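Below is one structure, written out as structure tokens; the observations come after it.
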Amino acid sequence: NKRVSMGSDVNTGFNEYTPVFTTDHKTMYFTARRSNTTGGKLNPYDQAYYEDIYRATWNMETNRWDSINNRIGRINGEGFESISHISADGLVAYITLNNEAIPKAKLKTSSSDIAEVKWTNQNQWSAPKLIPALNSSFYDGNATVTADGTTMYFISERNGDRSMSDIYVSFKSGKEWTKPAALPKEVNSKGRETTPFITPDGRYLFFSSNGREDGMGAYDVYVVENKGKNVWGEV
């Protein structure tokens, strides 16, 4: 299929990525590094604006995304925020958060961490809440969750000395998440795995990797079937 731009309202001269849609496909959230980022600060590591999460609404009359805004409750702060998952009912979202270079940040991260935000009775997103069971002192982020909300896959660099970044899994037990475990070597390579997406039924896991011998160069997209009980099919 031919790739078609979403238009200049969504795509600008800044970076835009990781679109996430609500179940009815009428609302899109995405991450961007625009000059109107909350706090107006530059990332000291690359001198580009910090990431914010933006929301866009589909206009059925014009067939375009409009009402694009990053003033969406308390979800955005002065640091790095990137969205990766919204629950089927639209009431819970998971984001990647990094405030390590923000001296007076109310929510301090040791690196990039996974946080949860909830839709409130005031019809806006709550302030992010870190999930200690999932996070380490290394990069943790890009969470993707099955439709029933019980299984999460995410990226971590906690074993980066051996395999750079890997896909990890955690299961929800009551209100808590279990200790994350890396997926087996049949899925994770010695290079970098990133941007996982699990289908709602938990059967197929899509991800990108630059560490597999059958790659076409740099990062490629892969898919693998979950056969259950930590058994995975051919990548």
Side-chain angles (χ1 to χ4, degrees), residues 15-22 28-33 43 45-46 48 50-54 75-77 79-88 92-100 107 109-117 125 128-147 149-160 163-172 177-184 187-200 202 204-212 218-224 226 232 235:
N15 292 328
E16 288 89 21
Y17 48 91
T18 62
V20 179
F21 297 85
T22 54
M28 174 177 66
Y29 292 86
F30 62 94
T31 303
R33 308 188 69 175
N43 187 323
Y45 299 110
D46 61 10
Y50 273 115
E51 289 85 343
D52 257 4
I53 298 168
Y54 290 74
I75 195 170
N76 287 315
F80 165 114
E81 296 89 22
S82 178
I83 193 166
S84 58
H85 178 85
I86 297 178
S87 63
V92 178
Y94 293 97
I95 70 173
T96 304
L97 179 68
N98 190 322
N99 280 328
E100 61 179 327
L107 192 62
T109 63
S110 57
S111 180
S112 290
D113 289 334
I114 298 170
E116 179 184 82
V117 294
W125 290 107
K129 181 179 179 181
L130 296 176
I131 308 175
L134 303 177
N135 296 314
S136 67
S137 59
F138 299 92
Y139 178 94
D140 301 288
N142 305 101
T144 177
V145 184
T146 52
T150 64
T151 306
M152 176 189 290
Y153 298 90
F154 67 95
I155 297 300
S156 180
E157 295 180 356
R158 64 190 68 189
N159 287 322
S163 56
M164 302 186 77
S165 61
D166 285 332
I167 303 172
Y168 281 71
V169 62
S170 176
F171 303 96
K172 200 163 193 180
W177 290 96
T178 62
K179 182 180 179 181
L183 295 191
V187 179
N188 286 319
S189 70
K190 292 184 179 181
R192 290 189 178 278
E193 277 67 49
T194 187
T195 56
F197 172 79
I198 189 68
T199 53
Y204 293 101
L205 178 66
F206 291 82
F207 62 96
S208 294
S209 175
N210 68 355
R212 306 191 68 86
Y219 286 94
D220 289 309
V221 180
Y222 293 86
V223 63
V224 62
N226 181 2
W232 295 83
V235 175

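Please read these numbers as outputs of a predicted model, since none were measured by experiment.
Not a single salt bridge (charged side-chain N to carboxylate O under 4.0 Å, His left out) links Glu81 to another residue, sequence neighbours left out. Residues satisfying the salt bridge (charged side-chain N to carboxylate O under 4.0 Å, His left out) test with Glu16, not counting sequence neighbours, are Arg34. Shown here are the ring pair (Phe, Tyr, Trp, His ring centres under 6.0 Å) partners of Tyr222, two or more places apart in sequence or in another chain: Phe207. Qualifying side-chain hydrogen bond (donor to acceptor under 3.5 Å, both in side chains) partners for Trp125, counting only residues two or more places apart in sequence or in other chains: Tyr29. Every side chain to side chain contact (heavy atoms under 4.5 Å, CB included) that Phe197 has, sequence neighbours left out, goes to Thr144, Thr199, Phe206. A search for side-chain hydrogen bond (donor to acceptor under 3.5 Å, both in side chains) contacts involving Ser156 returns Asp140, Arg158, not counting sequence neighbours. Taking the side chain to side chain contact (heavy atoms under 4.5 Å, CB included) definition, one finds that Ala181 meets it with nothing, sequence neighbours left out. Taking the side chain to side chain contact (heavy atoms under 4.5 Å, CB included) definition, one finds that Val169 meets it with Thr151, Tyr153, Phe171, Leu183, sequence neighbours left out. Applying the side chain to side chain contact (heavy atoms under 4.5 Å, CB included) test to Ser112 and every residue at least two apart in sequence or in another chain returns Thr96, Asn98, Tyr139. By the side-chain hydrogen bond (donor to acceptor under 3.5 Å, both in side chains) test, Arg192 pairs with Glu157, sequence neighbours left out. Remark: Tyr54 engages Phe30 in a ring pair (Phe, Tyr, Trp, His ring centres under 6.0 Å) (not counting sequence neighbours). Every residue meeting the side-chain hydrogen bond (donor to acceptor under 3.5 Å, both in side chains) condition with Asn159, not counting sequence neighbours, appears here in chain and number order: Arg162, Tyr168.
Expressed to the nearest 0.5 Å, how far CD of Glu116 lies from OG of Ser87 amounts to 9.0 Å. Taking CD1 of Ile114 as the reference point, atom NE2 of His85 lies at 12.0 Å (rounded to 0.5 Å). We find the CD1-OG1 distance between Ile155 and Thr195 to be 7.0 Å, quoted to the nearest 0.5 Å. Distance CD1/Ile95 to CG/Asp113: 10.5 Å, rounded to 0.5 Å. In this structure, OG1 in Thr178 is found 11.5 Å from NZ in Lys172, a value given to the nearest 0.5 Å. Atoms CG and CD1, on Leu97 and Ile131 in that order, are 11.0 Å from each other to the nearest 0.5 Å.
Side-chain contact check for Ile83 versus Thr31: some heavy-atom pair is nearer than 4.5 Å. Asp46 places a side-chain heavy atom less than 4.5 Å from the side chain of Arg33. Contact annotation: the side chain of Arg212 approaches that of Val235 to within less than 4.5 Å [non-hydrogen atoms, C-beta and beyond]. In this structure the side chain of Ser163 never reaches within 4.5 angstrom of the side chain of Asn188, judged on heavy atoms. Side-chain atoms of Tyr94 and Val92, non-hydrogen and from C-beta on, do get closer than 4.5 Å to each other. Leu205 is not listed as a side-chain neighbour of Asn226, based on a closest heavy-atom distance of 4.5 Å or more.
Between Pro196 and Asn142 the shortest heavy-atom distance is CG-O, 3.4 Å. Nearest heavy atom pair, residue Ser111 against residue Ser137, reads CB-O, 3.6 Å.
In this structure, Thr109 contributes its side chain and Asn99 its backbone to a donor-acceptor pair below 3.5 Å.
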Please lay out, stage by stage, how Glu193 and Ser209 fare under the test side-chain hydrogen bond (donor to acceptor under 3.5 Å, both in side chains). CA-CA 4 Å; Glu193 277 67 49; Ser209 175; 2.6 Å; yes
